[in-house]
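Notes to accompany the following structure.
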Amino acid sequence: MNVFRHFRNLVVGEIDAMSKAGELPAALDTSRIGFEPPRERGHGDLATNAAMVLAKQAGMKPRDLAEILAGKLASKEAVLRAETAGPGFVNLTLSDDFWRARLADILAAGVDYGRSDFGRGRRVNVEYVSTNPTGPLHIAHARGAVIGDALASLLEMAGFEVCREYYINDAGGQVDALARSTHLRYREALGGSIGPIPEGLYPGEYLKDVGAALAARDGTRWLNEPESAWLPVIRGFSVDAMMTLIRADLDLLGVHFDVFTSERALVEAGGVERALETLSQRDLIYVGVLEPPKGKAPEDWEPRPQTLFRATRFGDDVDRPLKKSDGSWAYFAGDIAYHLDKFRRGFPVMIDVWGADHAGYVKRMKAAVTAISDGQAALDIKICQLVRLMRAGQPVKMSKRAGTFVALREVIDEVGRDVVRFIMLTRTNDAPLDFDLVAALEQSRDNPVFYVQYAHARARSVLRHAAEAMPGAALSPAALAAHSTRRLTDSAELDLIKTLAAWPRVVETAAEVHEPHRIAFYLHEAAAAFHALWNKGKDDSTLRFLVSDDPEVTLARLALVQAVAIVVASGLRVFGVVPVEEMR
RNA sequence: GCGCCCGUAGCUCAGCGGAUAGAGCAGCCGCCUUCUAAGCGGCAGGUCGCAGGUUCGAUUCCUGCCGGGCGCGCCA
């Protein structure tokens, strides 16, 4: 049960009934009504803003309406008290029995606790990583990969039908440069002397293997051919090799996709012409001359007529070019075609996860999606700010030019997949992230990965001890759920239950706003509530989980401990992180 | 010059328009014969960058400044 949604439904039901009875105006907008945990424990268990939201529409004073609603809610099952407070809140205090009953929900649902039909099966396309297939992934790519993957899992848990998609940028000049780079390595593999890698080509060592593989496959066939003969072949060969490399990196990170879409395939199938035809019909394309950007005009700027999309009609700052000066399509044109393709494949909701360097393209892409879908599609773009790789507080030196960018696989080798994934999700995507390789492995409470994993390991440890201490006792989640939990009466126990019972709301909220990092903060909070209870048992031995001469209280507490393990594991599953059984 | 993001405790950061703004670190004081002290409890610490506006109510939304990051036709 989502406690908050349950009571929201109750209050909205009461309001509808009052509207029908003529006690309130008809057709009130109840969409902004919500229930949330009050800031102060003393204010009860749940608070609603219903009276304040409706007061104006209802033509009543918030406090008066609050009094009426409180009266209606007071008689609901499990409600001990319904009180008005502050500017018009209604605060509910629920019975301890009600809260204890949530443990049975958790034990019955297992790691699916928190799953809901909030999304009602609506289809969402989440596109992420989508890097140029010109080399292995480096650490900066990992953030987008993990955020996209966790966001997709989160949406699935909240009841959306999700497609995880990767757009292969295999059509532009970058992959031609890749092909030329491979050709050099190919000549090298056949014994040729190639000297330094020219500016503009890819110097990475990883292309030596590709060149060698090409030499093994095709022999000397491309040595004396003109570029026009070998470029398409070697380009395809190289892109395939790079995608194999990238998929292997993603596999190490535990990131997988449902669909890979090739930009080149889309372009060659005429997708761009079709998309732009749609825009043309709506008079959204014209030939014009752009003003140079003020303050930072490129040195070789010269005014020239271009094929432009009327992005300014949809909130962008300037109209955007669709063709390069050589007549080929600009990347943006392909991206318009790609988003139209996604829309036509049945995704009215699209989420793109991009790197910080693409932030300047958000407006034009949103404008284009509005234009091609006639306002029927929604595009959300998550911009991942930079990751600063640190080691014990000192930045790790990286330079793209010198090729010393740290490869993702090196970082995974050093700290492990789960640590990389969790750390990448500890901050909002909008803010830069410091990733300290030393701090990430520290076993202390400063390290959120450790802190959360430790809570799970502790819970599992208690359950193992219980199995030894009570041989033959039925300790499965189902057996624990069937047992009475009324002996859970301490405030720390009830606080922990309330924290666990908030999990479905956290999932729903995080999914709604597309912010997976909220899960990390929740997990930290749940872990803290558990660690607090654990230590309370150190001060007061009657609060220990295992009480040898009192099986009733022990079994009740084991239900709570099992529920902690389940909720933490449920959250980690959204992150794609494996919960650990022990940390010795 | 323009656009986007950020600005909250000494530091790192939470806080989808609500009540007395929270957590960790650092500082100070406490808690291990017992399920993992790799942890917990307490104290202290704030003009929520500044100034206006909208609102019953603004850290949250809007506008303008200030400071930092990223980006800025024919790269992807």
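Below, chain A is the first sequence line, B the second, and so on; all start at residue 1.
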In whole Å, what separates the C1' atom of A21(B) from that of A14(B)? 11 Å
Do R304(A) side-chain and C74(B) base share a donor-acceptor contact under 3.5 Å? yes
Kindly compute the distance separating CG (D45(A)) from NZ (K498(A)), expressed to the nearest 0.5 Å. 3.5 Å
Salt bridge D434(A)-R388(A), side-chain N to carboxylate O under 4.0 Å: yes
Taking the P atom in each of U8(B) and G67(B), what is the distance between them to the nearest angstrom? 16 Å
Yes or no on salt bridge (charged side-chain N to carboxylate O under 4.0 Å, His left out) for E508(A) and R5(A), after CA distance, side-chain angles and deciding distance? CA-CA 10 Å; E508(A) 187 177 305; R5(A) 186 149 292 280; 2.3 Å; yes
Using a cut-off of 4.0 Å on non-hydrogen atoms, how would the nucleic acid contact of L546(A) be classed: base, sugar-phosphate, or nothing? base
OP1 or OP2 of C72(B) less than 4.0 angstrom from a side-chain nitrogen or oxygen of H358(A), does that happen here? no
Nearest to side-chain heavy atoms of D430(A), which nucleotide of C6(B), C70(B), G73(B): C6(B)
Taking atom C1' in both U34(B) and G10(B), what distance in whole Å separates the two? 39 Å
Could you give the distance separating G42(B) and A23(B) at their P atoms, to the nearest angstrom? 9 Å
Selection from C74(B), G3(B), A14(B) that lies nearest to any side-chain heavy atom of D317(A): G3(B)
Could you check whether N169(A) and Q174(A), counting side-chain N and O atoms only, form a donor-acceptor pair closer than 3.5 Å? no
Any strand counts, and the cut-off is 3.5 Å on both contacts for Watson-Crick or G-U wobble. Which nucleotide pairs with C25(B)? G10(B)
Rounded distance in Å between the C1' positions of G17(B) and C13(B): 22 Å
Under 4.0 angstrom, heavy atoms only, what part of the nucleic acid is A171(A) near: base, sugar-phosphate, or nothing? nothing
Using the P atoms only, state how far G53(B) lies from G24(B), rounded to an integer number of Å. 38 Å
Closest approach to the side chain of D539(A), judged atom by atom: which nucleotide of A14(B), C31(B), G73(B) is it? C31(B)
Per N535(A) side chain, nearest of listed nucleotides C16(B), C70(B), G39(B): G39(B)
Taking only N and O in the side chain of Y451(A), is any of them less than 4.0 Å away from OP1 or OP2 of C40(B)? yes
Tell whether R458(A) reaches the base of U36(B) with its side chain through a donor-acceptor pair below 3.5 angstrom. no
Counting only Watson-Crick or G-U wobble pairs whose two distances fall under 3.5 Å, which nucleotide matches U34(B)? none
Integer-rounded Å distance: C35(B) C1' and R460(A) CZ: 14 Å
Candidates A37(B), C4(B), G41(B) - which lies nearest the side chain of A532(A): G41(B)
Give the nucleotide from the list A23(B), U36(B), G73(B) with an atom nearest to the side chain of W301(A). G73(B)
Which part of the nucleic acid, if any, lies within reach of K536(A) when heavy atoms closer than 4.0 Å are counted: base, sugar-phosphate only, or nothing? nothing
Given the 90°-from-0 boundary between syn and anti, C32(B) should be labelled syn
Is the closest side-chain donor-acceptor distance between D352(A) and H358(A) under 3.5 Å? no
N/O (side chain, K538(A)) to phosphate O (OP1/OP2, U34(B)) under 4.0 Å: no
What is the nucleic acid contact for S444(A), judged by heavy atoms within less than 4.0 Å: base, sugar-phosphate only, or nothing? sugar-phosphate
Assign E442(A) to base, sugar-phosphate, or nothing according to its heavy-atom contacts below 4.0 angstrom with the strands shown. nothing
Check whether the ring centres of F332(A) and Y361(A) lie less than 6.0 Å apart, and answer yes or no. no
Identify whether any heavy atom of E302(A) sits under 4.0 Å from a base atom; if not, whether one sits that close to sugar-phosphate; answer base, sugar-phosphate or nothing. base
So what does T428(A) hit on the nucleic acid, given a heavy-atom distance under 4.0 Å: a base, only sugar-phosphate, or nothing? sugar-phosphate
S461(A) vs C35(B): side-chain N/O to OP1/OP2 distance below 4.0 Å: no
Report yes or no: does H531(A) contribute a side-chain atom to a donor-acceptor pair with the main-chain N or O of A528(A) at less than 3.5 Å? no
Give me the distance, rounded to whole Å, that separates G15(B) from U33(B) when you measure between the P atoms they each carry. 40 Å
What I want to check is whether an N or O donor and acceptor connect the side chain of N91(A) with the base of A19(B) at under 3.5 Å. yes
Counting Watson-Crick and G-U wobble pairs only, both distances under 3.5 Å, name the nucleotide matched with U55(B), or none. none
In Watson-Crick or G-U wobble terms, with both distances under 3.5 Å, the base opposite G3(B) is C70(B)
Tell me what K61(A) touches on the nucleic acid: a base, only sugar-phosphate, or nothing, going by heavy atoms under 4.0 Å. nothing
Mind checking if A356(A) touches a base, just sugar-phosphate, or nothing, with heavy atoms under 4.0 Å? sugar-phosphate
Regarding the side chain of Y361(A), the nearest nucleotide among A19(B), C75(B), C5(B) is C75(B)
Determine the interatomic distance between C1' on U12(B) and the same-named atom on C16(B); round to the nearest Å. 23 Å
Which heavy-atom pair separates L69(A) from A51(A) by the least distance, and what is that distance? CD1-N, 4.0 Å
Looking at G15(B), I'd like to know if its phosphate oxygens (OP1 or OP2) sit under 4.0 Å from a side-chain N or O belonging to H517(A). yes
Of the candidate nucleotides A14(B), G73(B), C35(B), which contains the atom at the shortest distance from the side chain of F521(A)? A14(B)
Return the nearest nucleotide to the side chain of R32(A); candidates are U36(B), G17(B), C56(B). G17(B)
Just call it for A55(A): base, sugar-phosphate, or nothing, with non-hydrogen atoms closer than 4.0 Å on any strand. nothing
Examine F530(A) together with F545(A) and report whether their ring centres are nearer than 6.0 Å. yes
Looking at the side chain of Q174(A), which of C74(B), C35(B), C75(B) is the nearest nucleotide? C75(B)
With the stacking rule set at 5.5 Å and 30°, tell me whether H43(A) counts as stacking on A19(B). yes
